[in-house]
Every structure is written in C-alpha cells, then in structure tokens.
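Heads up: the structure comes next, in structure tokens.
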Amino acid sequence: MIEPRIAARLAARCYPRAWRKRYGTEFDALLADSPVCWRDVVGILGGVASAHWSPSLAAVVLILGASFSWRSCDGAAVPLALLALNFLLGTPAIRDGDTLYLATRQLSVPAVCDAANYWLALAVVITAAYARWSERSRPTRRHLLNLAALPATISAEAARIAWTGYLAAGQTGQAADRFPLIWLLTALLIGAAFHQLALISLRGWNSSGSAPR
Amino acid sequence: MSDPTLLVLASLAEGDKHGYAMMDDIERFAGIRLGPGTLYGAITRLEEHGWIRPVASHDRRQPYTLTALGRTHLEQQLAGLDRILRAGQRRLKQA
C-alpha cells in the first residue's frame with residue numbers, strides 16, 4: 001500500500017511547471033516537515049487543479065461546451081489563437097510594490113492581468129455564441145456582430161501588451177507615472193493589427209457561408 | 001473565519017514564518033489544521049495580490065512576511081468581521 005507522504009510527493013509533481021519552479025523546493029520541504037495524511041493528498045490534488053485553472057482555461061472549457069460543431073469553432077478561431085497566446089505568456093512575475101493607479105484605485109499587477117484575462121475569456125465566449133448563432137442568422141447582421149464581439153478581444157490583448165510595457169519600464173527604473181507613450185502606441189498598433197486579422201478571418205468565413213468541415 | 005488566506009495573514013501579522021510554522025501557528029490560534037495544498041494555494045493567491053512576499057533565506061524552508069498592502073487588507077477584513085461579531089452578539093442579547 002502506498003504511503004500518504006509518497007502519494008503527496010507524487011501529487012505535488014502535477015503542479016504546473018511555473019508553480020513548481022517557484023514553490024517546488026519549499027513545498028517539498030513542508031511535506032518533509034509535516035505529518036501527511038490521505039486528506040492532505042486530496043487537498044494537494046485540489047491545489048493542483050486550482051493551479052492549472054485560470055480564466056483562460058475556463059474560457060477554453062466554455063468554448064468547447066458552446067461549440068457543438070466545427071463551424072462554431074472556426075468562427076472563434078482568432079480569439080482562440082489570442083487566448084492561446086495569452087495562456088502561453090502567463091501572468092508576469094510579481095514584485096512587491098508593483099501597482100498601477102487607475103481611476104484613483106490602486107490595482108496590483110495580477111489584478112490587472114486577471115481583468116485582461118476575464119475580458120479575453122468573455123470575448124471568446126461571445127464570439128463562440130455569435131458563431132453558433134450566425135449559422136442560422138441573416139447575412140446582413142453578421143458584420144455588425146463581428147464588430148461587437150471583437151473589440152473586447154482586441155482591448156484585452158492591447159491591455160496585456162501595454163502592461164508588459166509598463167513592467168519593462170519598471171525594470172529599467174522608470175516610475176509608473178512616467179509610463180512611456182511608445183508602449184501605449186505599440187499596444188494600439190498591435191491591437192489594430194489583430195483587429196484587421198480577425199476581420200479578414202471572419203469575412204472569409206462569412207463569404208463562404210460556412211466553414212469547411 | 002475559516003478563509004485560509006485570512007488565517008495566513010493573521011499568522012504573519014505576528015512575524016515572518018515559513019510554511020510549517022504557519023500551519024502550526026494557525027492550528028494553535030484558530031484550531032484549524034490547514035493541509036499543505038490548502039496552505040500553498042493561499043500563499044500563491046496572497047503573493048499574487050502582493051499581500052505577502054518571501055524573505056531571503058538560506059534554508060529550503062521559505063519564510064514569508066506581510067507587506068504594507070497585506071497589513072491594510074487584513075485590517076479591513078478584521079474590521080468587517082468585528083462589525084459582524086458585534087451585530088450578532090447585540091442581536092442575540094436582544095432576542
């Protein structure tokens with residue numbers, strides 16, 4: 001019969017790589033120090049699931065649930081690509097004192113990144129729902145919905161890029177109130193590029209009437 | 001008062017502690033045993049919010065300290081709990 005401590009160590013190996021890199025050594029030290037029971041193993045597995053979970057992953061699950069056919073998946077291809085990019089980039093490293101004053105409210109770095117992820121997740125769900133609905137809708141309404149669903153995606157990605165720029169500025173010793181304008185412009189330009197790509201993609205899909213299976 | 005993040009913040013309000021010391025301290029003052037998974041879930045969230053931060057250590061056991069932001073958050077949470085406690089006690093007396 002396997003010992004709870006060994007099971008706990010095996011379960012701890014299932015945490016995401018980034019989490020293991022940051023907390024792995026100290027977590028293993030804690031497991032070595034403390035008495036471990038089967039309830040703790042279950043708790044660790046819960047922690048593993050929680051560490052893998054994110055708004056981006058939630059959106060992927062939602063979109064898979066919402067996409068009953070290949071057609072709706074195709075309609076959400078661009079936001080999904082952005083979502084994958086967002087997921088790969090992950091949350092920037094946290095340093096104490098990383099804050100941004102936004103509309104007089106002090107927000108921490110992860111709070112801003114979470115907000116961007118939620119926007120993106122929302123955009124994916126809206127686009128998936130649109131894609132599903134538009135299969136049955138009149139063609140004249142499609143472009144309007146394209147324009148309604150996509151800005152959320154673009155703004156989320158632009159916010160992420162702008163925030164990365166803010167962090168880079170912080171690393172070079174620049175204060176938050178001297179946020180370089182160049183990063184904001186870059187974010188807007190890349191956001192606009194994503195917008196164009198998304199429109200081209202959806203226009204092609206709309207003109208064909210349906211996506212190839 | 002069984003929110004693990006609040007328990008960790010309350011434990012660190014006394015001084016810097018590593019994971020096992022936090023588990024031990026929380027069990028003593030709150031009578032709740034946090035498992036390693038729950039404890040590190042709370043530590044991860046607290047660090048993400050900038051409410052705690054690791055302090056330099058030569059040991060494998062990593063101590064954490066409360067940040068100024070974390071102290072403010074803890075004070076706000078405790079003030080909220082205090083209001084609920086007082087209201088509950090007052091209403092029990094009136095009943």
Side-chain angles (χ1 to χ4, degrees), chain A residues 4-5 7-12 14-16 18-54 90-100 105-114 117, chain B residues 2-5 7-9 11-12 16-28 30-77:
Chain A
R5 191 178 299 279
R9 282 182 184 157
L10 289 172
C14 300
Y15 274 104
W19 193 97
R20 289 283 310 162
K21 196 176 170 187
R22 168 64 188 83
Y23 297 104
T25 308
E26 56 189 276
F27 193 72
D28 290 344
L30 176 66
L31 289 179
D33 285 345
S34 60
V36 179
C37 61
W38 283 108
R39 193 178 162 189
D40 294 333
V41 178
V42 174
I44 292 168
L45 288 172
V48 167
S50 173
H52 279 286
W53 193 255
S54 68
T91 305
I94 304 148
R95 293 168 299 147
D96 191 28
D98 268 346
T99 51
L100 174 70
R105 288 187 66 188
Q106 195 178 14
L107 299 171
S108 68
V109 173
V112 174
C113 291
D114 279 353
N117 277 335
Chain B
S2 59
D3 175 13
T5 56
L7 292 170
V8 171
L9 287 175
S11 177
L12 291 179
D16 303 354
K17 288 184 189 74
H18 54 71
Y20 184 60
M22 279 185 236
M23 277 171 73
D24 196 39
D25 182 48
I26 290 165
E27 195 164 5
R28 271 191 294 109
I32 295 168
R33 186 183 175 276
L34 290 186
T38 311
L39 177 71
Y40 264 83
I43 288 175
T44 308
R45 285 195 297 279
L46 289 168
E47 202 185 350
E48 280 174 359
H49 283 95
W51 292 335
I52 64 169
R53 66 175 167 80
V55 289
S57 168
H58 300 295
D59 196 359
R60 288 175 77 220
R61 294 180 294 184
Q62 175 64 61
Y64 287 88
T65 192
L66 202 60
T67 63
L69 208 61
R71 188 168 290 279
T72 309
H73 177 73
L74 179 62
E75 283 168 357
Q76 287 169 350
Q77 293 296 305

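Numbered from 1 within each chain, the chains take letters A, B, ... in sequence-line order. The structure displayed is predicted, hence computed values, not measured ones.
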**Prompt:** Checking heavy atoms, do the side chain of A:Arg22, its backbone, both or neither come under 4.5 Å from chain B?
**Reply:**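 Side chain of A:Arg22 only, per the 4.5 Å heavy-atom cut-off to chain B.
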
Minimum-distance pair of heavy atoms, taken over all atoms of [X] and [Y]:
{"X": "A:Tyr15", "Y": "B:Gly37", "result": "OH-CA, 4.0 Å"}
{"X": "B:Arg61", "Y": "A:Ala29", "result": "CG-CB, 3.9 Å"}
{"X": "B:Gly35", "Y": "A:Asp40", "result": "CA-OD1, 3.6 Å"}

**Prompt:** Among side-chain atoms of A:Tyr23 and B:Gln62, is any donor-acceptor pair under 3.5 angstrom?
**Reply:**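 The answer is no; no qualifying pair exists.
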
**Request:** Identify, with sequence neighbours excluded, every residue that meets ring-ring contact (aromatic ring centres under 6.0 Å, His included) alongside B:His18.
**Result:**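 By the ring-ring contact (aromatic ring centres under 6.0 Å, His included) rule, B:His18 matches no residue at all.
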
**Prompt:** Looking at A:Leu30, A:Ile44, A:Val36, which one has more heavy-atom pairs under 4.5 Å with chain B than the rest?
**Reply:**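 Looking at each option in turn, the highest pair count goes to A:Leu30.
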
**Asked** Any Lys/Arg nitrogen of A:Asp33 or B:Arg60 sitting under 4.0 Å from an Asp/Glu carboxylate oxygen of the other?
**Response**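 Judged by the 4.0 Å cut-off on N to carboxylate O distance, A:Asp33 and B:Arg60 do not form a salt bridge.
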
